[in-house]
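Input: a single structure, listed below in structure tokens.
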Number of protein chains: 2
Amino acid sequence: MPYDPSAYPPFAVTVDLVVLTVRKHALCALAVRRGESPFQGRWALPGGFVAASEDLGSAAARELEEETGLRVGESAGSAAGVHLEQLATYGAPDRDPRMRVVSVAHLVLAPDLPAPVSGGDAQSARWAPVHTLLLEAGDELEPESDRDSDQLAFDHGQILADGVERARSKIEYSALATAFCTPEFTVGELRRVYEAVWGVALDPRNFHRKVTGTPGFLVPSGGTTTRQGGRPAQLFRAGGATVLNPPMLRPEI
Amino acid sequence: MPYDPSAYPPFAVTVDLVVLTVRKHALCALAVRRGESPFQGRWALPGGFVAASEDLGSAAARELEEETGLRVGESAGSAAGVHLEQLATYGAPDRDPRMRVVSVAHLVLAPDLPAPVSGGDAQSARWAPVHTLLLEAGDELEPESDRDSDQLAFDHGQILADGVERARSKIEYSALATAFCTPEFTVGELRRVYEAVWGVALDPRNFHRKVTGTPGFLVPSGGTTTRQGGRPAQLFRAGGATVLNPPMLRPEI
DNA sequence: TCAATAGTGTCTCTAAGACATTATATC
DNA sequence: GATATAATGTCTTAGAGACACTATTGA
């Protein structure tokens, strides 16, 4: 099978971003409004084309910074910053009506941002709770007429669902939940991250025992805070641990 | 950002396959010998170009059947057959010296095959233990002269390593280890699969208790076999369970 | 004082790890 | 018989789940 560039079908390659954060006790994703056809006026995931001499991860990091101003932390992902990882690749032949586009989706976990979005105007980007972006066909709401236009453009609903499921399972066996927190955070704040991502309530005592008892998960930073009200809480930073063993198992049902 | 096909860099999109099986108590991968430059004569992962109107998963299944004769089981992967899933996408600008190629790697888990490879000639394809395909730079063996030519072509060494790690972690929390087995298998055969993939020895008593006690993992097929010698062993088929909860944890170290 | 959150102590129960022995086939 | 593998029983221990109480702030 000889290589002849002109003999093989040309593809466009894009990166799409599932940017997740926790705002007001809800898991939220970044959505942008499309300005052109197709799906004009509909919400979509941020993303763009990969440049000719650009790596896939670099393209994702560039798009992230263009859309949000967020910069990915150095060490291949997180530590005390934004986490970025490849999610999956979507390439159904008809996923874009104009041409053959293969999209390499990436997952970003970010702490809550003060401003909705730094780059771009406010009208065209927003944080939206994932449950409003992922209304399934079975959900009842208004008459069906309005339903379709609320769905994300292209196959972005599927990409978002896959990204959310990845995040939900990944915080089970990794220390990545700290990527949703500010550099210094309390055990209660970390617990609320887990509760928001999983959509369940956790026992504060057992959670505290688990996270403080897992070596390398949390390191005390020395200070305390009362920003959540109540008794002052000890502040922690993310430790060096990347995997949790044994994992933090999601409650069933 | 308007879409103009000619304004965006053209990519070729390929699928590469990490096909894993367990042979003689060792985890093995399918490798094919390259006939042309670059990397002529070197071993590589099987794969090929995605056709113009072909889905990524379909292209992977087609390449698999062309190279091995294996057909992917119906229900989105396994059940009682070959399992195929998307692994990751590799798109470094210089990963192919001829042109910009983005490769969507897929992972295949297959039972031990009688013939080495059905399609293609025997000289150009083989099952090789993954540890021989993944000799790292740190390993000592012969003088370095021979080392480089034993490495897989392109970035296929990295792809294989990622696929092996995916398989190792996935049999922890899913029932996918049965994809390495024949339709009917014994508990001992399943245990040897785990031992080969993880490269560790497991306690037969605890393993038996675990797999037979996990609902939906195994269903007795009624028969017995002595193909492993010794006392007749009960035969099982894969149950409907896809996730193991609690997971089968890999021993540490 | 009340309300809010943080932090700890302990009992129970599930399940994994570490053991030895019996069972049933082939050679 | 010897040898091979299968299958089961039980003790111990790590760790999760389910509980109540005390501690320390701000309003």
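Numbers restart at 1 for each chain; the letters A, B, ... are given by sequence-line order, proteins then strands. Values below: every heavy atom of this structure, side chains too, minus hydrogens, waters and symmetry copies. Note that the structure is predicted; figures quoted are calculated from it, not measured.
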How long is the line joining CD of A:Q234 and C1' of D:dT25, in whole Å? 16 Å

If you measure only the distance, is there a donor-acceptor pair under 3.5 Å linking the side chains of B:Q158 and B:H156? no

Length of the CZ-C1' vector between B:F207 and C:dA16, whole Å: 14 Å

If you measure only the distance, is there a donor-acceptor pair under 3.5 Å linking the side chains of A:D16 and A:S103? yes

Side chain of B:R209, base of D:dT10: donor and acceptor closer than 3.5 Å? yes

How close or far is atom P of D:dA6 from atom CZ of B:F185, stated in whole angstroms? 14 Å

Between B:S221 and B:E184: side-chain donor-acceptor atoms closer than 3.5 Å: yes

How many whole angstroms separate atom CG of B:L235 from atom P of D:dT5? 17 Å

Choose from C:dA6, C:dA25, D:dA18 the nucleotide whose nearest atom is closest to any side-chain atom of A:T186. C:dA6

What is the distance from CG of B:L244 to P of C:dT14, rounded to the nearest Å? 20 Å

Phosphate oxygens OP1/OP2 of D:dT8: is one of them under 4.0 Å from a side-chain N or O of B:H208? yes

Does B:R191 reach a base, just sugar-phosphate, or nothing at all? Heavy atoms under 4.0 Å. sugar-phosphate

Residue pair A:G229/A:N206 against DNA chain C: nearer the 5' end by closest nucleotide is A:G229

Angle class for the A:Y194/A:F207 ring planes (parallel below 30°, perpendicular above 60°, tilted otherwise)? perpendicular

Without decimals, in angstroms, what is the distance between A:R231 CZ and D:dT24 P? 6 Å

Ignoring hydrogens and geometry beyond distance, is a side-chain donor-acceptor pair present between B:D162 and B:Y90 at under 3.5 Å? yes

Counting any heavy atom closer than 4.0 Å, what does A:P204 reach on the DNA or RNA strands: base, sugar-phosphate only, or nothing? nothing

Which nucleotide in the list C:dA15, D:dG15, D:dC19 gets nearest to the side chain of B:P246? C:dA15

Are A:K210 and D:dG15 close enough that a side-chain N or O sits under 4.0 Å from OP1 or OP2? no

Take atom CZ of B:R250 and atom P of C:dG17, then tell me their distance rounded to the nearest Å. 14 Å

By nearest-heavy-atom nucleotide on DNA chain D, the more 5' of A:T226 and B:Q228 is B:Q228

Measuring from the side chain of A:P232 (C-beta onward, heavy atoms only), which nucleotide among D:dT25, D:dA7, D:dA16 has the closest atom? D:dT25

Contact under 4.0 Å: A:R192 side-chain N or O vs C:dA6 OP1/OP2: yes

Just how far, in rounded Å, is P of D:dT13 from CG of B:L249? 20 Å

